2 protein chains.
Amino acid sequence: MVSTQYFFAMNDSDALAMIGRLARIVTHDGHAAGLKPAQWEALRYLARANRFSRTPGALTAYLGATKGTVSQTLMALERAGLIRKSADPADRRSVRLELTEAALSLLPRDETLRFEAAMETMNEEERRALRIGLSALLSARIAADGGRPFGLCRECRHFREGERGPGKHLCGLLKEPLSDEDATHICVEHEAA
Amino acid sequence: MVSTQYFFAMNDSDALAMIGRLARIVTHDGHAAGLKPAQWEALRYLARANRFSRTPGALTAYLGATKGTVSQTLMALERAGLIRKSADPADRRSVRLELTEAALSLLPRDETLRFEAAMETMNEEERRALRIGLSALLSARIAADGGRPFGLCRECRHFREGERGPGKHLCGLLKEPLSDEDATHICVEHEAA
DNA sequence: CAATTATGTATCGAGTCGATACTAAAGGAA
DNA sequence: TTCCTTTAGTATCGACTCGATACATAATTG
């Protein structure tokens, strides 16, 4: 493998520098298709979030930004025809967000997908190391900041699998039914089991 | 360990999402001490770069940005008294960059240092995995983009160790003498051995 | 010596993003 | 019910980002 020839990360300081460089590349990738980095982040989030989590507030928590900033990004996306907003019938303060067809057809042009291509050139041991290392680092950092993990139902303490029959689950927190499809998306209310 | 409880990265797509979230945190950290993300990135780079690499051009290559953007960031840093510019006597188009005392005393306030604190809560296996995984990913991605690796002399094909005596090395490319201290900084001209 | 290439700056426009202030709806307590 | 507090989101400001384009100057190449 050529891949480990360039960088010799011997200590945490080197790892920190690599994290910075990685972040830079992601930001740079965010200028694809005439969008901005924050706009791509919002689209990616909405594509992965379950229906309870497709709101400006949840996106704000995910991004760690302020409400005002997220509001502006969402307005830009709405102007561009990439998201639709609708009122939440249960809570009229709240706004539901939905990707449009245009947004769905734009997702394959996400430049950060190039990282998946890069991973394909790595061997299985390196890929496994990446998953373990990133997972541990993110968990530690997000926990230290008091942020939300945004995980899947499968590892959530509120998940009650099959409580309404096969493939029909329940969220114990929101008291809402969950389909198999719901359970494969990330959730703003996620809490580790 | 709590750290691996939150995220279960099963595949490359999950790893990609983690990379995105990591990048977001780094960007957010970049608003410390009244500076902006791009300004912190420039300061961190200049603190790590050897004397051949402390130029606007090298910083542009490192950041993967355009010359104009980097020029503006550097002007903002100069106005803030964090960098000094000086003419390169050998090439009068080129500008040498130097951190001021104020910048050096600001470096400990870099919020991305919190990642080092997060790493300290990880066990040795996780840390090792992080280094290996990040290294492999960055190498692969940067190679795919045709970017420069910005490594250390030790792993550079131009490095001629001790050619001028003990602790006195030589860069075969630039034909310049290198001290031990020079060799511990990253270089824009780095090429893997 | 002319053409080309390289280094860096000037300017523009849409967007970012923290800060602050604001509106409106929900929820709780007396 | 009527306050009061909390929550969800928007409006506006100012400094900065960042790609794009155009430009000036210096080095290099033919």
Side-chain angles (χ1 to χ4, degrees), chain A residues 23-43 52-80 82-83 85-97 111 148 188-189, chain B residues 23-43 52-80 82-97 111 148 174 188-189:
Chain A
R24 194 92 253 297
I25 295 173
V26 172
T27 300
H28 191 260
D29 284 343
H31 288 275
L35 299 188
K36 300 288 176 177
Q39 299 175 350
W40 271 111
E41 282 157 3
L43 292 187
F52 313 122
S53 310
R54 292 193 291 264
T55 69
L59 179 57
T60 299
Y62 185 81
L63 296 179
T66 60
K67 294 185 293 180
T69 299
V70 171
S71 181
Q72 278 192 302
T73 297
L74 291 174
M75 284 190 289
L77 288 175
E78 193 180 25
R79 277 199 302 277
L82 295 172
I83 63 169
K85 295 180 179 178
S86 58
D88 182 332
D91 183 340
R92 288 193 301 162
R93 296 169 305 178
S94 196
V95 171
R96 302 267 129 205
L97 302 171
E111 285 286 311
R148 291 168 180 272
V188 63
E189 304 290 356
Chain B
R24 193 94 256 295
I25 296 173
V26 172
T27 301
H28 191 260
D29 284 345
H31 289 274
L35 298 189
K36 300 288 174 175
Q39 297 175 351
W40 271 112
E41 283 158 2
L43 291 187
F52 314 122
S53 309
R54 293 193 289 265
T55 70
L59 178 56
T60 299
Y62 185 80
L63 296 179
T66 61
K67 294 183 296 179
T69 298
V70 171
S71 181
Q72 277 192 302
T73 296
L74 291 173
M75 284 190 289
L77 288 175
E78 192 179 26
R79 276 198 304 277
L82 295 173
I83 64 169
R84 258 188 300 273
K85 295 180 179 178
S86 58
D88 182 330
D91 184 338
R92 289 192 300 163
R93 295 170 307 181
S94 195
V95 171
R96 301 267 129 204
L97 303 171
E111 285 286 312
R148 291 168 179 273
L174 303 173
V188 64
E189 304 290 357

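What you see is a predicted model, and the numbers here were worked out from it, not measured in a lab. Residue numbers start from 1 in every chain, and the chains themselves are labelled A, B, ... in the order their sequence lines are given, proteins ahead of strands.
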K.L.:
Could you tell me the separation between the OG1 atom of B:T73 and the CH2 atom of B:W40, rounded to the nearest 0.5 Å?
P.N.:
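Output value for this atom pair is 14.5 Å.
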K.L.:
So, OP1 or OP2 of C:dG8: does either fall under 4.0 Å of a side-chain N or O from B:S94?
P.N.:
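Checking C:dG8 against B:S94, a side-chain N or O does come within under 4.0 Å of OP1 or OP2.
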K.L.:
Check side chain to side chain contact (heavy atoms under 4.5 Å, CB included) between B:A80 and all other residues, then give those that pass, not counting sequence neighbours.
P.N.:
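Testing B:A80 for side chain to side chain contact (heavy atoms under 4.5 Å, CB included), a comparison that skips the adjacent residues, returns B:L82.
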K.L.:
Report the end-to-end axis angle of the helix from C:dC1-D:dG30 to C:dA30-D:dT1; each axis comes from five terminal pairs, and the value is rounded to 10°.
P.N.:
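End axes: 20° apart.
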K.L.:
Please give, in whole Å, the distance from C:dT7 C1' to B:R54 CZ?
P.N.:
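Atom CZ in B:R54 sits about 18 Å away from atom C1' in C:dT7.
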K.L.:
If you round to the nearest 0.5 Å, how far is OG1 of A:T60 from CG of A:L74?
P.N.:
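Here the rounded value is 7.5 Å.
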K.L.:
For residues A:A42 and A:L59, report the shortest heavy-atom separation together with the two atoms involved.
P.N.:
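Looks like CB-CD2, 3.8 Å.
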K.L.:
Starting at CD of A:E111 and ending at C1' of D:dG19, how long is that distance when rounded to a whole Å?
P.N.:
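That distance rounds to 14 Å.
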K.L.:
Just how far, in rounded Å, is C1' of D:dA15 from CE of B:M75?
P.N.:
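Result: 14 Å.
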K.L.:
Roughly how many Å is it from CG in B:L63 to P in D:dT17, rounded to a whole number?
P.N.:
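Rounding to the nearest Å, CG of B:L63 and P of D:dT17 are 11 Å apart.
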K.L.:
How does protein reach along nucleotides 14-26 of chain C, written 5' to 3' as B (base within reach of a heavy atom under 4.0 Å), S (only sugar-phosphate), or - (no contact)?
P.N.:
-SSBB------BS
K.L.:
With sequence neighbours left out, which residue pairs that include part of residues 27-37 of chain A fulfil the salt bridge (Lys or Arg N to Asp or Glu O under 4.0 Å) condition?
P.N.:
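Every pair satisfying salt bridge (Lys or Arg N to Asp or Glu O under 4.0 Å) with a residue in residues 27-37 of chain A: A:D29-B:R141.
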K.L.:
I need the full list of side chain to side chain donor-acceptor pair (under 3.5 Å) pairs touching residues 63-72 of chain B, with sequence neighbours left out, sorted by first then second residue.
P.N.:
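Applying side chain to side chain donor-acceptor pair (under 3.5 Å) to every pair that reaches into residues 63-72 of chain B, excluding sequence neighbours, yields B:T66-B:T69.
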K.L.:
Mind checking the NZ-CZ spacing from A:K85 to A:R54? Nearest 0.5 Å is all I need.
P.N.:
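A:K85 atom NZ to A:R54 atom CZ measures 16.0 Å (nearest 0.5 Å).
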K.L.:
Take atom CG of B:L77 and atom C1' of D:dC16, then tell me their distance rounded to the nearest Å.
P.N.:
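Distance, rounded to whole Å: 11 Å.
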K.L.:
How long is the span from the CG atom in A:L43 to the CD1 atom in A:I83, to the nearest 0.5 Å?
P.N.:
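Between atom CG of A:L43 and atom CD1 of A:I83 there are 8.0 Å.
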K.L.:
Specify the separation, in whole Å, of atom CD1 of A:I25 and atom C1' of D:dC18.
P.N.:
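My rounded result for the distance is 17 Å.
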K.L.:
For A:T55, give me all partners under side chain to side chain contact (heavy atoms under 4.5 Å, CB included), at least two apart in sequence or on another chain.
P.N.:
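Here the qualifying residues are A:A58, A:S94, A:R96.
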K.L.:
Given atom CG of B:D88 and atom P of C:dG8, what is their separation to the nearest angstrom?
P.N.:
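Whole-Å distance recorded here is 9 Å.
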